[in-house]
Participant: 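Quick one: structure below, then a few questions.
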Amino acid sequence: GAGVSQSPSNKVTEKGKDVELRCDPISGHTALYWYRQRLGQGLEFLIYFQGNSAPDKSGLPSDRFSAERTGESVSTLTIQRTQQEDSAVYLCASSLGAFGNRFGSGTRLTVV
Amino acid sequence: EDQVTQSPEALRLQEGESSSLNCSYTVSGLRGLFWYRQDPGKGPEFLFTLYSAGEEKEKERLKATLTKKESFLHITAPKPEDSATYLCAVQAGDSWGKLQFGAGTQVVVTP
């Protein structure tokens, strides 16, 4: 596609429920990244995919967070047993090489 | 530990009043420094990549420069549409495509 697409754009969930966030990268981009942005803060790296393998998962905050990617296409970030501190905007980016992350508009997650 | 610090946190400018934003960094083996613009409710929009000290890039009213310790984003004669949060990020060491971001500078340009 023309840009990185994320869905849903907004998600409100009850504490303790599981959520899945989806990212469709730019066609042909081999690398895919997930970041988290809390209100008024900078972006925090979560995980990086090269193809469908994840060489760097160092940013995942706990074992409640996981992500997978199908080939060089769609990625899903799953948060299990959501907590209020998980409320944030989750941003996905993709790139063709090592440089030039292009971002989607994000999923705003609110845990109530 | 790698660090990226942006200043000021917020900047209010009159239309036409030029100013500069600062991004200071301490990282091991800088591979690239990136500037992004972020509008409310949207993802960051790529502006520039700088790779080595002394490098400069320009786009319309924006100019980015890089030294060994910091980068500046100069806004010349800003317009209200330049209002946004400007984010600086670095890519360092063997982190490949992973970016480390500063907290951003929120710029408001009033007519």
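Just so it is clear, the structure is predicted and the values come from calculations on it, not from any experiment. Labels below follow one simple rule: chain letters A, B, ... track the order of the sequence lines, proteins then strands, and each chain is numbered from 1.
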Participant: Tell me, out of B:P44, B:G41, B:G32, who's got the most heavy-atom pairs with chain A below 4.5 Å.
Facilitator: B:P44

Participant: Using heavy-atom distances under 4.5 Å, tell me whether A:L91 contacts chain B through its side chain, its backbone, both, or neither.
Facilitator: side chain

Participant: Does anything in residues 49-78 of chain B get under 4.5 Å of chain A by heavy atoms, and if so which residues?
Facilitator: B:Y51

Participant: Where on A:E44 is there a heavy atom nearer than 4.5 Å to chain B: the side chain, the backbone, both, or neither?
Facilitator: neither

Participant: Is it the case that over 12 heavy atoms from other parts of the model lie below 6.0 angstrom from the CD atom of B:E15?
Facilitator: yes

Participant: For B:E9, I'd like to know if atom CD has over 12 heavy atoms of other residues, nucleotides or ligands within 6.0 Å.
Facilitator: no

Participant: Step through the shown structure and confirm whether more than 12 heavy atoms of other residues, nucleotides or ligands are within 6.0 Å of CD on B:Q3.
Facilitator: no

Participant: Could you give the distance from CG (B:L99) to OH (A:Y33), rounded to the nearest 0.5 Å?
Facilitator: 7.0 Å

Participant: Counting distance only, does the side-chain N/O of B:Y36 pair as donor-acceptor with the main-chain N or O of A:F103 below 3.5 Å?
Facilitator: no

Participant: Within residues 100-111 of chain B, which residues come under 4.5 Å of chain A, heavy atom to heavy atom?
Facilitator: B:F101, B:G102, B:A103

Participant: Got a sec: does the CZ of B:R12 have more than 12 other heavy atoms crowding it under 6.0 Å?
Facilitator: no

Participant: Which atoms of A:S58 come close to chain B, meaning under 4.5 Å heavy atom to heavy atom: side chain ones, backbone ones, both, or neither?
Facilitator: side chain

Participant: Heavy-atom count around A:E14 CD within 6.0 Å, excluding the residue itself: above 12?
Facilitator: no

Participant: Could you tell me the separation between the CZ atom of A:F45 and the NZ atom of B:K98, rounded to the nearest 0.5 Å?
Facilitator: 5.0 Å

Participant: If you apply the rule side-chain contact (heavy atoms from CB on, under 4.5 Å), what do you find for A:R102 with B:E45, and how did you get there?
Facilitator: CA-CA 7 Å; A:R102 297 296 188 267; B:E45 175 190 340; over 6 Å; no

